[in-house]
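Notes to accompany the following structure.
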Amino acid sequence: MMKIPVLGLGTWKAGPGEVTETVKMAIDMGYKHIDCASLYHNESEVGAAVYSKIVDGIVNREDIFIVSKLWCTCHKKSLVKTACIKTLRTLNLEYVDLYLMHWPMGFQHGKKELPLDHYGRVIPSETDYLDTWEAMEELVNAGLVKAIGVCNFNHEQLDRLLRKPGLRLKPLTNQIECHPYLAQENLIKFCQDRDVSVTAYYPFGGSWKGVDLADDPVLQKIAQKHGKTRAQILLRFQIQRNVIVIPIAVNPQQIQEYMQVFDFELTAEDMNEILNLDKNLRLVTFPTTESHKDYPFHAEY
Ligand SMILES: NC(=O)c1ccc[n+]([C@@H]2O[C@H](COP(=O)([O-])OP(=O)(O)OC[C@H]3O[C@@H](n4cnc5c(N)ncnc54)[C@H](OP(=O)(O)O)[C@@H]3O)[C@@H](O)[C@H]2O)c1
């Protein structure tokens, strides 16, 4: 089975003006995994950085793991390949290593990425993610992508996909929001028990109603004990659960800081203390899509 480098660089909200330099720095500092998506509107700048590092001989294409994602307005089977080819052209790559279904929900196809009705609710498409998956399997056959996976699938949706009659390829990963305030113990176990890896997005947790994970005293104590930053503790926590992690980093200090997570180990007690912080606090809730038949967050996990 293909392996995903355990630490990647997130690129969501990375401004087109800065992301080329950020990705170049990250590759120079040894990052081997870059997480992209057509939705982020910066894939050409990410691709320019990767291209320049390959041309300069800093890295070979096969040594770097590039991920992109199929957006929800392109779930119809007939649209999947065109969307993937568009991403490859934008990234200026012949293939991506991993192509993910960004959400299990399909939206009406058109000019808008988030088509809304008069009530502000998303306009769904009539697609089923199992059909979208079949079209994604074809991308592997066509050599456009090396592997495929999903994001934001709850365990029922993942189970339904894994039980799909005629399934040709299992998802390589389920990319989900994951940090100590949303520890995702059940979903991680469910995925890993079925050989589906888990990738944690939003690993720093952001802030919510004045609660900021980065200020948590437990993390502060553990960071002090190990002589590390809180960000490093948050990344190491995921790595020790065999969870791949993709923080956003915006300056050279952060890029370097996040790489320095392989020279220490959290104790079992540290891990338990961090797991005990769980509040089931989901920050990425995508409220305009709550009425969608495939909205993933009504399920318990
Ligand atoms: N598949 C999906 O649906 C999905 C969804 C979301 C993200 N992703 C991917 O996952 C990547 C990571 O997610 P993300 O960028 O949302 O989350 P993240 O890396 O956890 O960063 C979230 C926020 O945490 C704060 N932060 C940054 N550095 C920090 C530090 N050292 N300590 C504490 N807080 C820090 C920043 O907010 P402030 O600047 O306000 O401090 C940042 O915007 C994305 O870039 C994207 O590639 C995927």
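Throughout, numbering of the chain's residues begins at 1 and tracks the sequence. Whatever order the structure lists ligands and atoms in, that order sets their numbers, starting from 1.
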Flag for [Y]-[X]: side-chain donor and acceptor within less than 3.5 Å:
X	Y	value
Q238	R241	yes
E43	S38	no
Q175	D35	yes

Starting from [atom], which protein heavy atom do you reach first, and at what distance in Å?
atom	answer
atom 32 (N) of ligand 1	A231 CB, 4.2 Å
atom 3 (O) of ligand 1	N152 ND2, 2.9 Å
atom 1 (N) of ligand 1	Q175 OE1, 2.8 Å
atom 6 (C) of ligand 1	Y201 CD1, 3.2 Å
atom 42 (C) of ligand 1	I248 CG2, 4.2 Å
atom 44 (C) of ligand 1	W12 CB, 3.4 Å

So, do Y295 and H292 have ring centers that fall under 6.0 Å from each other?
no
For this output row, return yes or no: ring centroids of Y99 and W71 closer than 6.0 angstrom.
no
Return yes when atom CD of E126 has more than 12 non-hydrogen atoms of other residues, nucleotides or ligands closer than 6.0 Å, and no otherwise.
no
Any protein heavy atom sitting closer than 4.0 Å to [atom]?
atom	value
atom 36 (C) of ligand 1	no
atom 25 (C) of ligand 1	no
atom 19 (O) of ligand 1	yes
atom 47 (O) of ligand 1	yes

Quick note, ring-ring contact (aromatic ring centres under 6.0 Å, His included) partners involving residues 144-193, not counting sequence neighbours, are Y129-F153, H155-F190, H155-Y301
Below 4.0 angstrom from a heavy atom of [X], which ligand 1 atoms are there? Numbered from 1 as shown, please.
X	answer
D35	9 (C), 46 (C), 47 (O)
Y258	28 (N), 29 (C), 30 (C), 31 (N)
I246	9 (C), 10 (O), 11 (C), 12 (C)
Y40	4 (C), 8 (N), 9 (C), 46 (C), 47 (O), 48 (C)
C151	1 (N)
P247	19 (O)
A214	33 (C)
H102	1 (N), 2 (C), 3 (O)

Closest heavy-atom pair and its distance - E113, T73
O-CG2, 3.7 Å
Quick one: which of Y202, W103, F204, F286 has a heavy atom closest to atom 22 (C) of ligand 1?
Y202
A cation-pi test, strictly: NZ or CZ of R61 under 6.0 Å from the centre of the six-membered ring of Y95 and no more than 45 degrees from its axis. Yes or no?
yes
Residue-ligand contact T11/ligand 1, heavy atom below 4.0 Å
yes
Using only atom types and a distance under 3.5 Å, with no angle test, would you say the side chain of H33 pairs donor to acceptor with the backbone of P5?
yes
Is the backbone N or O of Q220 less than 3.5 Å from a side-chain atom of R230, with the two atoms forming a donor-acceptor pair by type?
no
Compare all side-chain heavy atoms of V245 with those of T199 and state whether any distance is below 4.5 angstrom.
no
Note: P203, heavy atoms under 4.0 Å from ligand 1, region reported as both
Structural part of Q254 in contact with ligand 1, heavy atom criterion under 4.0 angstrom
side chain
Option passing side-chain hydrogen bond (donor to acceptor under 3.5 Å, both in side chains) with D270 (candidates R236, K225, Q240):
K225
